[in-house]
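Worksheet for the structure shown next.
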Amino acid sequence: MRNFKFQNATKIIFGRGMASCVGEEIRPYGKRVLFHHYGDDFILNSAIYQTVLQSLQAQGLEIVELTGVQPNPVLSKVREGIEICKRENIDFILALGGGSVIDSAKAIGLGATYDGDVWDHYTKKHVIQDTLPVGVVLTIPATGSESSAGSVITNEEGHIKLLGSNGRTRPVFAIMDPEVTFTVPRYVMAVGGVDMMSHVMERYFTAEPHVELTDRLCEATLRTIIHNLPRTLQEPTDYDARAEIVFAGNLAHNGLLDCGRVPDWSCHFISHILGGFTNLAHGATLSILTPHWMEYVYREHVERFAQFAVRVWDIPYDAAHPEKTAAAGIEALRSFWRGLGVPLTLTEAGVSCDRLEEIATLVTEDGPIGGMRKLDKQDVLNILNASV
């Protein structure tokens with residue numbers, strides 16, 4: 001087990017009706033609030049929007065709304081929010097939505113404290129050290145961004161989608177009411193579940209030995225998602241199943257499962273660039289890439305992949321042929337995702353495959369990626385070609 005430091009300052013407020021306290025949570029940080037959300041008719045006519053608005057008004061908070069966030073949040077909207085924050089002397093940013101809104105809010109918070117261009121943070125030209133405080137009312141469980149340190153933003157110029165990470169951007173609170181997620185469309189829940197599982201697996205597949213406790217935590221989180229995600233898709237108002245999924249999505253990406261490990265993140269690195277070119281949902285890019293990445297690397301780490309098969313999917317261990325056990329685990333994952341109705345190839349997703357070499361070049365422009373196995377440009381291109 002590696003040395004580690006773990007700190008997550010996000011206050012988790014979980015359960016039915018908890019959004020009604022959002023105004024009380026914000027009031028100590030100031031009076032002027034940027035209220036950031038999708039702004040479509042679905043949100044504006046929803047009960048959760050009215051609950052949040054009434055709670056803010058009850059505390060006498062001054063509200064400036066910024067709408068129009070899209071999946072794969074874009075830099076132009078972030079820059080618009082930064083300009084509003086500086087002009088209106090905003091004290092606090094409230095995100096109502098899923099990962100796209102939360103990531104956009106985090107980026108706005110960073111840029112509002114910086115005299116330069118916030119894109120500098122994502123290209124690593126400058127590490128922004130401060131941020132406006134951000135709070136979250138979660139409506140879509142998937143990314144875990146409600147208590148993570150990172151945000152992913154797409155620069156429309158060049159379709160460049162980059163991760164920026166800074167511990168100061170963890171939201172100060174996250175309100176998670178499973179009932180709010182009952183109306184999330186089935187496909188959105190399915191690809192969100194893929195994203196959760198991928199967050200766990202990026203950590204689980206490590207070359208670091210002697211990480212039994214976090215292995216078991218990862219396995220328990222995966223098994224919880226596997227058990228409850230189909231239930232939520234079949235019966236969207238099953239509160240108990242939905243609560244398990246909402247909490248699992250948070251645990252998958254709050255940093256706890258990293259402790260003592262060297263994670264991989266290859267699939268996410270490729271996914272971010274692929275998503276910038278295709279505008280596919282993040283979870284859909286991961287459902288396409290992950291099984292093919294597994295098939296590309298598992299023979300060099302057969303025992304870990306066999307452990308995944310046995311402990312997560314209950315596949316009997318074949319001591320004489322552990323590689324067969326490992327391969328069966330990969331197929332079990334693929335079969336589970338197929339049952340969710342998510343794409344497993346670029347062709348299924350209706351994506352043009354004529355820019356794969358360009359994608360591979362961008363993925364590896366700073367050098368090989370991956371923690372379990374280093375992947376160079378040709379490796380990435382091989383995985384992309386296998387994903388067609």
Side-chain angles (χ1 to χ4, degrees), residues 8-69 73 77 80-82 84-85 87-109 112 131-148 151 169-184 188 236-237 239 242-243 245-247 249-250 254:
N8 190 321
T10 304
K11 179 180 182 180
I12 302 298
I13 305 167
F14 190 98
R16 291 184 175 95
M18 298 303 287
S20 61
C21 73
V22 64
E24 300 172 29
E25 294 293 329
I26 293 174
R27 192 65 184 87
Y29 294 94
K31 193 169 185 179
R32 297 184 61 77
V33 179
L34 180 70
F35 186 15
H36 197 30
H37 55 83
Y38 296 107
D40 53 22
D41 289 342
F42 181 78
I43 284 291
L44 295 177
N45 294 324
S46 67
I48 187 61
Y49 174 79
Q50 294 300 325
T51 296
V52 170
L53 194 62
Q54 291 168 11
S55 181
L56 298 178
Q57 292 169 341
Q59 292 295 315
L61 299 172
E62 300 174 16
I63 305 164
V64 180
E65 295 193 53
L66 176 61
T67 65
V69 182
K77 180 61 64 174
E80 181 183 351
I82 291 167
I84 291 172
C85 286
R87 184 183 69 237
E88 300 291 339
N89 295 313
I90 295 296
D91 300 309
F92 192 93
I93 302 172
L94 176 65
L96 172 65
S100 296
V101 176
I102 301 166
D103 282 8
S104 184
K106 289 177 177 179
I108 292 168
T131 181
L132 286 181
V134 174
V136 173
V137 177
L138 185 68
T139 63
I140 303 173
T143 68
S145 188
E146 66 273 6
S147 67
S148 76
S151 59
T169 63
R170 291 188 194 273
V172 296
F173 66 78
I175 297 174
M176 298 186 292
D177 178 350
E179 286 189 335
V180 170
T181 74
F182 284 175
T183 54
V184 174
V188 175
T237 59
Y239 180 89
R242 191 64 63 122
I245 290 296
V246 172
F247 191 28
N250 181 264
N254 71 0

Inset, instruction - Over all heavy atoms of both residues, which pair between S148 and P171 is shortest? Give the atoms and the distance, please. - result: O-CD, 4.0 Å
Legend entry - pair D91-Y29: side-chain heavy atoms closer than 4.5 Å: no
Legend entry - Flag, side chain of K11 to backbone of E25, donor-acceptor distance under 3.5 Å: no
Inset, instruction - For residues R27 and L61, determine if any side-chain heavy atom of one lies less than 4.5 Å from a side-chain heavy atom of the other. - result: yes
Legend entry - Side-chain heavy atoms of Q57 within contact of I63, under 4.5 Å: yes
Inset, instruction - Please examine the side chains of I93 and L66, heavy atoms only from C-beta on, and report whether any two atoms are closer than 4.5 Å. - result: no
Inset, instruction - Using atom types as modelled and distance alone, determine if a side-chain donor or acceptor of S100 lies under 3.5 Å from a backbone N or O of P73. - result: no
Legend entry - Sub-6.0 Å ring centroid separation between Y49 and F35: yes
Inset, instruction - Please name the pair of heavy atoms, one in P133 and one in V172, separated by the smallest distance, quoted to 0.1 Å. - result: CB-CG1, 4.2 Å
Legend entry - Nearest-0.5 Å distance, NZ of residue K31 to CD1 of residue I26: 14.0 Å
Inset, instruction - First locate atom NZ of K106, then atom NE2 of H36, and finally report the distance between them rounded to the nearest 0.5 Å. - result: 12.5 Å
Legend entry - Pairwise distance CG(L96) to OG(S46) - rounded to 0.5 angstrom: 6.5 Å
Inset, instruction - Mind checking the CG-OG1 spacing from N250 to T10? Nearest 0.5 Å is all I need. - result: 8.0 Å
Legend entry - Distance-only side-chain donor-acceptor flag, K77 / S104, under 3.5 Å: no
Legend entry - Non-hydrogen side-chain atoms of P141 and E146 separated by less than 4.5 Å: no
Legend entry - Nearest heavy atoms of T139 and T181, plus distance in Å: O-CG2, 3.5 Å
Inset, instruction - To the nearest 0.5 Å, tell me how far N45 CG sits from D40 CG. - result: 9.0 Å
Inset, instruction - Kindly give the heavy-atom pair with the smallest separation between F14 and V246, and that separation in Å. - result: CE1-CG1, 3.8 Å
Inset, instruction - Classify the side-chain pair S147/N254 by whether it contains a donor and acceptor separated by less than 3.5 Å. - result: no
Legend entry - Contact summary for A107 and S151, nearest pair of heavy atoms: N-OG, 4.5 Å
Inset, instruction - Nearest 0.5 Å please: distance from the OG1 atom of T169 over to the CD1 atom of I108. - result: 13.0 Å
Inset, instruction - Measure the shortest side-chain to side-chain distance between M176 and I13 over non-hydrogen atoms and say whether it is less than 4.5 angstrom. - result: no
Legend entry - Side chain proximity check, L132 to C85, heavy atoms < 4.5 angstrom: yes
Legend entry - Any L94 side-chain heavy atom under 4.5 Å of L56 side chain: yes
Inset, instruction - Can you see which heavy atom on L138 is nearest to which on G98, and at what distance? - result: CD1-CA, 4.3 Å
Check residues 15-24 and write down every donor-acceptor pair under 3.5 Å in which the side-chain atom is one partner and the other belongs to a residue at least two apart or another chain.
{"residue": "R16", "atom": "NE", "partner": "E179", "partner atom": "OE2", "Å": "3.1"}
{"residue": "S20", "atom": "OG", "partner": "G17", "partner atom": "O", "Å": "2.9"}

